[in-house]
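Worksheet for the structure shown next.
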Amino acid sequence: MFSLLVNIPANAKWAQKGVTIAGGNRRGGATNQLNGPCGLFVDDDQTVVITDFGNNRIIQWENGGTTNGQVLAGGNGRGNGLHQLYRPTDVLIDKETDGLIICDQGNQRVVRWSHGSGTTQREILIDNIDCSGLAMDEQRYLYVSDARRNEVRRYQSGEKNGTLVAGGNGKGGGLNQFNDLHYLFVDRDHSVYVSDWRNHRVMKWVEGAKEGIVVAGGQGAGSALTQLYYPYGIFVDVVGALYVADYGNDRVMRWTQGDKKQGTVIVGGNGEGAGTNQLNGPFGLSFDRDGNLYVVDNDNDRVQRFSIE
């Protein structure tokens, strides 16, 4: 995930009732449906690009409440052809090339699809990688999480091997380890935030560090305000507040810089369900530049927008 411009007031509150802006029409493969969506990217104009995991495609919903999405990549059945995707988990838009960069997890590769009109350029950027999360910094270095190797690597354009920036010390619960890592965020100082899934925590690795710092959770799986339960999507705003999609607790939490001991619930946390004030397995999350919150509500096959108040 990549956004350097979201400045959210410390006392911000969000509407507790979300509005469905994509999917929400039961699970399926039509253009008004999603099937187990995972990651998302919110563009400057509030267009939302979603990894539609079960449909092996990337689909975009324009701002303005259209009922149907537009398929941008994949959607040609599951497979490993260059025209196909298999269980994509994350996506970002590279503004420089107007291309989509996609975690094509089922094919163990990161691919680029040209995003412009009328062109169909596709290429494999990195292969043999169990990728689940992507991020890009302002120098257009690409950061990719590898769940099999429990590490994050940074890639310059054209690089195949990359540079290790977090983890790489096997699977475990040490400060220099991960246990099934997923989503990423990179801040302006090139610190890398990682959702460390099976360790029920979010880690921050400062550039050049040999181990990370626990910035949320790390107190075992649970629903207390000090705990997370299988965290997925993460986002960091300009002042360093961390937002976490707390999958197992059906809520989104905010952890501020000053108090790392516990977070606050900003939306959800009202039990598992499909109500407007409920989530069922939140995955990806992001904000637009106005501070509205977007949450991929995985088990409800929808994306919810919670307006900042």
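As the structure is a prediction and not an experimental result, all values here were calculated from the model. Side chains are part of it too, since the values below use all heavy atoms of this structure and drop only hydrogens, waters and symmetry mates.
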(message) Please determine whether side-chain contact (heavy atoms from CB on, under 4.5 Å) holds for the pair Leu134 and Val91, giving the CA-CA distance in whole Å, both sets of side-chain angles, and the decisive distance to 0.1 Å.
(response) CA-CA 7 Å; Leu134 292 172; Val91 62; 5.6 Å; no

(message) Go through it in stages, so that I can follow the logic: the residues are Ile58 and Ile50, the test is side-chain contact (heavy atoms from CB on, under 4.5 Å), and I'd like the CA-CA distance, side-chain angles, deciding distance and then a yes or no.
(response) CA-CA 6 Å; Ile58 307 297; Ile50 303 157; over 6 Å; no

(message) One pair to check against side-chain contact (heavy atoms from CB on, under 4.5 Å): Val215 and Tyr193. What are the steps and the verdict?
(response) CA-CA 9 Å; Val215 287; Tyr193 294 77; 4.2 Å; yes

Validation row: [X], [Y] side chains within 4.5 angstrom (heavy atoms):
| X | Y | answer |
| --- | --- | --- |
| Val152 | Val144 | no |
| Ile126 | Arg153 | no |
| Arg149 | Leu164 | no |
| Val110 | Ile102 | no |
| Val252 | Val265 | no |
| Trp113 | Leu72 | no |
| Gln105 | Asp90 | no |
| Phe287 | Trp14 | yes |

Could you verify whether a donor N or O on one side chain and an acceptor N or O on the other, from [X] and [Y], lie under 3.5 Å apart?
| X | Y | answer |
| --- | --- | --- |
| Thr20 | Gln304 | yes |
| Gln16 | Asn277 | no |
| Asn176 | Glu211 | no |
| Asp45 | Thr47 | yes |
| Arg302 | Asn280 | no |
| Gln121 | Glu123 | no |

So does [Y] get a backbone contact from the side chain of [X], meaning a donor-acceptor N/O pair under 3.5 Å?
| X | Y | value |
| --- | --- | --- |
| Lys160 | Leu125 | yes |
| Asp301 | Gly36 | yes |
| Asp137 | Gln139 | yes |
| Asn35 | Arg27 | no |
| Asn300 | Gly273 | yes |
| Asn179 | Arg198 | no |
| Glu151 | Ala166 | no |

Where is the tightest heavy-atom contact between [X] and [Y], given as atom of each residue plus distance?
| X | Y | value |
| --- | --- | --- |
| Gly133 | Leu184 | O-CD1, 3.7 Å |
| Asp180 | Ala147 | OD1-CB, 3.7 Å |
| Trp61 | Leu34 | CZ3-CD2, 3.8 Å |
| Ile308 | Gly291 | CB-O, 3.5 Å |
| Arg109 | Gly79 | NH2-O, 4.5 Å |
| Asp196 | Arg201 | OD2-NE, 2.7 Å |

(request) Assess whether side-chain contact (heavy atoms from CB on, under 4.5 Å) is satisfied between His190 and Tyr143, documenting all intermediate values. (result) CA-CA 10 Å; His190 305 137; Tyr143 297 71; 4.1 Å; yes

(request) Could you check whether the rings of Phe178 and Trp205 sit parallel, tilted or perpendicular, using 30° and 60° as the cut-offs? (result)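 Answer is tilted, since the angle falls between 30° and 60°.
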
(request) Under the side-chain hydrogen bond (donor to acceptor under 3.5 Å, both in side chains) rule, collect the residues that match up with Asn298, sequence neighbours excluded. (result) none

(request) Tell me, please, which residues at least two apart from Glu309 pass side-chain hydrogen bond (donor to acceptor under 3.5 Å, both in side chains). (result) none

(request) Quick one: list whatever passes ring-ring contact (aromatic ring centres under 6.0 Å, His included) with Tyr183, sequence neighbours left out. (result) none

(request) State which residue, out of Thr51, Asn76, Asp52, fulfils the side-chain hydrogen bond (donor to acceptor under 3.5 Å, both in side chains) condition with Arg57. (result) Asp52

(message) If you count every heavy atom of other residues, nucleotides or ligands that lies below 6.0 Å from Arg78 atom CZ, does the total exceed 12?
(response) no

(request) Please determine if Asp43 and Arg289 form a salt bridge, counting it only when a charged side-chain N lies under 4.0 Å from a carboxylate O. (result)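 Salt bridge absent between Asp43 and Arg289.
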
(message) Is the distance from the ring center of Phe283 to that of Tyr247 below 6.0 Å?
(response)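 That pair passes the under 6.0 Å test.
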
List the atom pairs, with distances to 0.1 Å, where a side-chain N or O of residues 223-244 and a protein N or O form a donor-acceptor pair under 3.5 Å, not counting sequence neighbours.
{"residue": "Gln227", "atom": "OE1", "partner": "Ser223", "partner atom": "N", "Å": "3.4"}
{"residue": "Gln227", "atom": "OE1", "partner": "Ala224", "partner atom": "N", "Å": "3.2"}
{"residue": "Gln227", "atom": "NE2", "partner": "Gln219", "partner atom": "O", "Å": "3.0"}
{"residue": "Tyr232", "atom": "OH", "partner": "Trp197", "partner atom": "NE1", "Å": "3.4"}
{"residue": "Asp237", "atom": "OD1", "partner": "Val239", "partner atom": "N", "Å": "3.1"}
{"residue": "Asp237", "atom": "OD1", "partner": "Gly240", "partner atom": "N", "Å": "3.1"}
{"residue": "Asp237", "atom": "OD1", "partner": "Ala241", "partner atom": "N", "Å": "2.9"}
{"residue": "Asp237", "atom": "OD2", "partner": "Tyr243", "partner atom": "OH", "Å": "2.9"}
{"residue": "Tyr243", "atom": "OH", "partner": "Arg254", "partner atom": "NE", "Å": "2.9"}
{"residue": "Tyr243", "atom": "OH", "partner": "Arg254", "partner atom": "NH2", "Å": "3.0"}

(message) Test of understanding: with salt bridge (charged side-chain N to carboxylate O under 4.0 Å, His left out), list the residues that count as partners of Asp94, not counting sequence neighbours.
(response)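 If we apply the salt bridge (charged side-chain N to carboxylate O under 4.0 Å, His left out) test to Asp94, skipping adjacent residues, the hits are Arg112, Arg140.
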
(request) For Gln177, enumerate each residue passing the side-chain contact (heavy atoms from CB on, under 4.5 Å) test, keeping only those at least two apart in sequence or located in another chain. (result)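 Gln177: side-chain contact (heavy atoms from CB on, under 4.5 Å) contacts with Asn169.
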
(message) Here's a test for you: under side chain to side chain contact (heavy atoms under 4.5 Å, CB included), which of Leu293, Asn292, Val295, Val48 qualifies with Arg305?
(response) Asn292

(message) Let me check something: do Leu175 and Val192 share a hydrophobic cluster, defined by ILVMFWY side-chain heavy atoms less than 4.5 Å apart, either directly or through other members?
(response) yes

